[in-house]
Amino acid sequence: MRGRGVARLAAVAAASGLVATGALVTAGPAAAEGAPQHRGGATATLGGLQTYDQAVIRENGSSQRVPAGLFEMPVEDGGTLQTYSVDLHNPTRKDASYQETPWSGTSLQGNRDAGKIRWILQHSYPQVNDLAALAEKAGAKSLTEQTAAAGTQVAIWRYSDRTEVEAVDPQAEKLADHLERSARHSAEPRASLTLEPPAVSGHPGERLGPVTVRTDAEAVTVTPPADSVTSGVKIVGKDGKPVKSAGNGTRLYFEVPKDAPDGTAALSVQASTTVPVGRAFTSESRSQTQILAGSSESTVSASATADWATEGAIPALSAVKNCAKSGVDITASNKGDQPFTFHLMEAEHTIEAGTSQTVTIPLQEDQAYDFTIQGPSGFEKRFTGMLDCRTEGAAIDTKAHPANEPRPASAGGTTGMGGGDLAETGSSGDTPLMIGVAVAFVVLGGAVVFLLRKKKDPAGTPAQGSTEK
């Protein structure tokens, strides 16, 4: 694992186009208020394993015992989630913040068996809480909550991580084998709540949008821009009437006064609902990707922004991870009357008036990114995150560890049964290296800034350019 970590760091440092070719500029206050990083849904905090037993990973002639079972995550603003891991060889970070994420932004992208994982979630514990019936189907004598959780997690790992793993308890192993044999493909569930698109633009005096609500909640509460009273910006429906609540498919618009100065505004929507089983959850702190096994009534939210100007280019920007292309997709639309031109990755991109374009920024696996895009009239959007698209097996550390020494970071990241196999935070003997890598990412993150600056063309017309990370 040490060698792989060093190789990854070297690859990041050498990545083409990821070091600034011009002056480095850090994001200012306006950038911090830029595009929402969360595309919508639930935001939760990892609380650690709650219901679990033991499993054994076998790789390269070595074996390692790890806890396997259900994590619990309290949801921001109310609710609780239960999740399993789909990222066996990465550590967990207790209290790490997680956000609901489409499969396309996780290691489930490209996994032909991702649908089978969702089927397992739908047909095992905790969705099936009749343990006697579940044991009978699996051919097991009996199951406890702990062994049912362990057997379910083992079956999931076999499909998510392609690794040889077995439950220590014989009855849990029977359940794992039954679930693996029985699994069928099931479609990815819809997000609990999103706004599409998350950014729009146009001229004052117009209705900017539409922004469409996508949710499985019965209704969502619509919150207008914070300064709507002074700015006069309203959130209205297609009939032009102010909207305070909405449902799935509702189209929302920013109604901007004709005399409004060039500016920006944001709306937010919130609801209480059960998040669909099978939704993925990721963290920007390099903690195991999770997949939802159960949800209480939980708070979900989403945001969208609008930018307007009287003339010139009027861009709207949004970003989303694209694991199929190993990068981040930047979608830029231009509702202005002049082209919007910028440079990214040593390439010039021009968004003609009334058109849109998606630019993919390639990144290394585990690459932290932080870049800012600037436009006319003070327009500025910042995008940050980390690309985590693959599960990768690490060499198993089989040497003996004293009872007070942190165990190898692997699945679970919390104290195991009988003294435990993992440290509470998922730390390990590789912690100094991981800290070194983290520091290097911070340094690179400072350098990895895409800044699109205004510059004058020969005729004196403002155009957009950039320095690149």
Side-chain angles (χ1 to χ4, degrees), residues 1 4-5 8-9 12 27 32 35-50 67 71-77 81-103 105-109 160-161 279-292 319-321 323 328 363-371 382-392 394 406-415 422-449:
M1 185 173 180
R4 186 185 61 172
R8 281 186 177 179
L9 182 56
V12 169
Q37 295 301 300
H38 185 23
R39 294 299 292 265
T43 298
T45 301
L46 189 68
L49 278 170
Q50 298 297 316
F71 290 85
E72 188 170 291
M73 296 200 288
V75 178
E76 187 177 294
D77 296 325
L81 308 178
Q82 290 179 301
T83 62
Y84 288 107
S85 162
V86 288
D87 198 3
L88 172 59
H89 291 289
N90 281 320
T92 55
R93 297 283 176 258
K94 192 173 186 299
D95 296 328
S97 178
Y98 277 76
Q99 295 178 339
E100 187 177 338
T101 306
W103 289 1
T106 73
S107 59
L108 295 174
Q109 165 65 36
S160 65
D161 290 73
R279 290 296 292 171
F281 282 80
T282 59
S283 172
E284 302 300 350
S285 63
R286 202 68 183 96
S287 187
Q288 285 181 4
T289 300
Q290 303 285 308
I291 193 164
L292 189 71
V320 63
K321 294 178 186 177
C323 285
V328 176
L363 296 171
Q364 299 288 326
E365 178 69 5
D366 299 335
Q367 170 70 57
Y369 60 89
D370 185 341
F371 51 91
R382 181 184 181 188
F383 302 102
T384 64
M386 177 179 287
L387 193 71
D388 183 9
C389 292
R390 294 197 298 266
T391 59
E392 296 189 43
R407 270 52 170 180
S410 184
T414 188
T415 305
L422 302 177
E424 176 70 18
T425 60
S427 62
S428 75
D430 287 328
T431 298
L433 173 63
M434 294 171 69
I435 293 173
V437 171
V439 171
F441 275 148
V442 170
V443 174
L444 287 170
V448 181
V449 179

Item to check | Closest non-hydrogen atom pair between Arg286 and Asp388, with its separation | outcome: NH1-OD2, 3.0 Å
Checklist outcome for this item: Output for pair (Ile291 CD1, Thr282 OG1), nearest 0.5 Å, gives 12.0 Å
Checklist entry - How many angstroms lie between CZ in Arg279 and OG1 in Thr101, if you round to the nearest 0.5 Å? => result 7.5 Å
Checklist entry - Sub-3.5 Å donor-acceptor pair from the side chain of Glu100 to the main-chain atoms of Ala42, do we have one? => result yes
Checklist entry - Taking all atoms of both residues into account, what is the closest heavy-atom pair of Leu108 and Ala280, and its distance? => result CD1-CB, 4.4 Å
Item to check | Closest non-hydrogen atom pair between Lys321 and Glu284, with its separation | outcome: NZ-OE2, 3.0 Å
Checklist entry - Where the side chain of Asn90 meets the backbone of Ser287, is there a donor-acceptor pair that is under 3.5 Å apart? => result no
Next on the checklist: With rounding to the nearest 0.5 angstrom, report the SG to CD distance, Cys389 to Glu365.
Outcome noted: 5.5 Å
Checklist entry - Which heavy atom of Met73 sits nearest a heavy atom of Thr83, and at what distance? => result CE-CG2, 3.6 Å
Checklist entry - Can you name the side chain to side chain donor-acceptor pair (under 3.5 Å) partners of Ser283, sequence neighbours left out? => result Ser285
Item to check | OH on Tyr84 to CG on Leu49, rounded to 0.5 Å | outcome: 10.5 Å
Checklist entry - What's the spacing between Glu76 CD and Gln99 CD if we round to 0.5 Å? => result 9.0 Å
Next on the checklist: I want to check something: taking the side chain as every heavy atom from C-beta on, are Tyr98 and Leu46 in contact at a cut-off of under 4.5 Å?
Outcome noted: yes
Checklist outcome for this item: Shortest non-hydrogen pair, Val86 vs Ser160, comes out as CA-OG, 3.6 Å
Checklist entry - Quick one: which of Gln288, Gln82, Lys94 gives a side chain to side chain contact (heavy atoms under 4.5 Å, CB included) with Phe71? => result Gln288
Checklist entry - Between atom CG of Asp161 and atom CG of Leu88, what is the distance when rounded to the nearest 0.5 Å? => result 4.5 Å
Item to check | With Phe281, the side chain to side chain contact (heavy atoms under 4.5 Å, CB included) member among Leu81, Thr289, Thr43, Thr106 | outcome: Leu81
Item to check | Close side-chain approach of Thr384 to Arg382, heavy-atom, < 4.5 Å | outcome: yes
